[in-house]
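Some notes on the structure that comes next.
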Amino acid sequence: MNVLDEIIANKLEEVALLKQSQSIDSFRSGENFGRETISLKQSILDKGFGIIAEIKRKSPSGGDIKTDVNITDQAKFYKQNGAAGISILTDYNYFGGSLKDIIEARKAVNIPLLRKEFIIDEIQLYEAKAAGADAVLLIGAVLQPEEATYLTNVARNLGLEVLYEVHTAAEVGFIPAEVDLIAVNNRDLKAQQTSLQHSFDLVKILPKNVQLISASGIKTSEDIDRLQAAGFSGALIGESILREGHLAELTKNIKP
């Protein structure tokens, strides 16, 4: 099994346990379920080129990144330094996160929060809404086309925006029409190898009527300049800003 297969096998077990202890209706009474969500799509548009800054403690490819991260402080730091939104990894076994991270961040800031997770079932969307997320990630590599369309529609009906991730040209052909944003993951989730060139290759065949986000492997202002020139509307950056703390430098150099 590759890493992605391991993660999904683990996620199937997690979701099965979740369904034993919770129902979809149980999340409707959550503290944040009824709140009006904040548009990640609009926030990125308003920035001209928006950076979605990520919070994760570790990853299969990067090892330990910032295991002692304070969610409240990190979320405030991201907002103060110009992030268009915050991506929060909620997988525990492989990334060290949880739903509590979104709940804490929601209390700390009023900018869009993306639940970054391996979503395979609609109950995870209800979880995200109840925790205070504004958007969710759906990953083309782990969903059948009909599953992707169904989950996109459920998310949109809950008021959650959808950032849909692709890595291959084949996955581009099955992007649901209703998604709000499309992300090119420069990291091969199976081989755990990263190349920014992947964004420049796939942008040629991606829809032109949806905002495009490049994710993984973005480290410098020069990377951002190249992505913006190629037609991307934003970038999802985690490891480099968690390690270097250089978000302000990246955002101040963005061309309007």
Side-chain angles (χ1 to χ4, degrees), residues 11 14 18 22 27-44 46-47 50-59 62 64-119 123-139 155 158-163 165 180-181 183 213 215-216 218 234-248 250-251:
K11 199 59 56 179
E14 281 185 20
L18 175 64
Q22 301 277 0
F27 289 109
R28 295 184 185 278
S29 59
E31 179 181 354
N32 292 299
F33 196 86
R35 63 176 279 275
E36 184 175 348
T37 52
I38 309 166
S39 173
L40 178 60
K41 177 181 177 179
Q42 188 60 50
S43 181
I44 289 170
D46 291 344
K47 296 285 186 182
I51 291 180
I52 304 171
E54 190 158 88
I55 297 176
K56 59 182 175 184
R57 295 172 178 83
K58 63 179 183 178
S59 74
D64 288 347
I65 298 169
K66 195 171 184 178
T67 56
D68 61 348
V69 66
N70 181 294
I71 299 297
T72 296
D73 291 346
Q74 194 71 34
K76 288 180 177 178
F77 172 80
Y78 283 163
K79 181 186 178 183
Q80 291 163 1
N81 287 280
I86 301 173
S87 168
I88 301 178
L89 261 298
T90 59
D91 175 84
Y92 176 74
N93 287 331
Y94 294 87
F95 295 89
S98 74
L99 258 300
K100 291 180 181 178
D101 294 340
I102 291 181
I103 295 169
E104 285 187 41
R106 180 78 287 149
K107 292 176 181 176
V109 296
N110 62 345
I111 63 173
L113 301 181
L114 168 74
R115 182 185 188 185
K116 193 173 183 186
E117 177 59 272
F118 298 86
I119 291 177
I123 197 168
Q124 295 166 285
L125 303 175
Y126 284 81
E127 259 193 324
K129 175 71 170 175
D134 301 288
V136 292
L137 179 75
L138 295 181
I139 304 173
L158 289 172
L160 297 167
E161 290 185 343
V162 173
L163 174 62
E165 176 187 300
D180 300 279
L181 302 150
I213 307 297
S216 300
I218 301 127
L236 193 154
I237 308 175
E239 189 171 332
S240 68
I241 53 176
L242 283 164
R243 293 189 191 277
E244 306 295 333
H246 64 333
L247 178 59
L250 296 179
T251 55

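Just so we're clear, the structure is a prediction, and the values are computed from it rather than from any experiment.
Looking at Q42 and D46, their side chains do bring a donor and an acceptor atom within 3.5 Å of each other.
To the nearest 0.5 angstrom, S87 atom OG is 11.5 Å from I237 atom CD1. Taking CD1 of I88 as the reference point, atom CD1 of I55 lies at 4.5 Å (rounded to 0.5 Å). Taking NE2 of H246 as the start and CG of N81 as the end, the distance is 11.5 Å to the nearest 0.5 Å. Here I241 contributes atom CD1 and Y78 contributes atom OH; the two are 4.0 Å apart, rounded to the nearest 0.5 Å. The line from CG of L181 to CD1 of I52 is 6.5 Å long, rounded to the nearest 0.5 Å. One finds the CZ atom of R106 at 13.5 Å from the CD1 atom of I71 (value rounded to the nearest 0.5 Å).
No side-chain donor-acceptor contact under 3.5 Å links Q74 to the backbone of A105. Remark: side-chain polar atoms of T251 are not paired, donor with acceptor, to backbone N or O of A83 under 3.5 angstrom. Using modelled atom types, one side-chain atom of D134 and one backbone atom of L113 make a donor-acceptor pair closer than 3.5 Å.
Of all the heavy atoms in A53 and L247, the pair that sits closest is CB-CD2, 4.4 Å. Scanning all heavy atoms of the two residues, the minimum distance from P112 to S43 falls at CG-CB, 3.9 Å. Residues K47 and G50 come closest through the heavy atom pair CB-CA, 3.9 Å. Among all heavy-atom pairs drawn from A131 and L99, the shortest one is CB-CD1, 3.2 Å. For the residue pair G132 and I102, the shortest heavy atom distance occurs at C-CG2, 4.0 Å.
Partners of F33 according to the side chain to side chain contact (heavy atoms under 4.5 Å, CB included) rule, which considers only residues two or more places apart in sequence or in another chain, are R28, Y126, K129, A130, L158. Residues passing the side-chain hydrogen bond (donor to acceptor under 3.5 Å, both in side chains) test with E14, sequence neighbours excluded: K11. With sequence neighbours excluded, the residues satisfying side chain to side chain contact (heavy atoms under 4.5 Å, CB included) with A155 are L125, V136, L160, V162. Applying the side-chain hydrogen bond (donor to acceptor under 3.5 Å, both in side chains) test to N93 and every residue at least two apart in sequence or in another chain returns N10. Not counting sequence neighbours, T37 has no partner by the side-chain hydrogen bond (donor to acceptor under 3.5 Å, both in side chains) test. Applying the side chain to side chain contact (heavy atoms under 4.5 Å, CB included) criterion to A135, with sequence neighbours excluded, gives L40, L114, E161. For Q22, the side-chain hydrogen bond (donor to acceptor under 3.5 Å, both in side chains) partners at least two apart in sequence or on another chain are S26. A search for salt bridge (Lys or Arg N to Asp or Glu O under 4.0 Å) contacts involving K41 returns nothing, not counting sequence neighbours.
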- Task: Take E127 and R115 through the test salt bridge (charged side-chain N to carboxylate O under 4.0 Å, His left out) and record every step on the way to the result.
- Result: CA-CA 10 Å; E127 259 193 324; R115 182 185 188 185; 3.1 Å; yes
- Query: Going through the checks in order, is the side chain to side chain contact (heavy atoms under 4.5 Å, CB included) test met by Y94 and L89?
  - Reply: CA-CA 10 Å; Y94 294 87; L89 261 298; over 6 Å; no
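Annotation: salt bridge (Lys or Arg N to Asp or Glu O under 4.0 Å) contacts involving residues 72-84, sequence neighbours excluded, are absent. Among residues at least two apart or in separate chains, salt bridge (Lys or Arg N to Asp or Glu O under 4.0 Å) pairs with a member in residues 92-105 are R57-D101.
Side-chain contact between E54 and L242 is absent, with no heavy-atom pair separated by less than 4.5 Å. The closest side-chain heavy-atom distance from I213 to I44 is below 4.5 Å.
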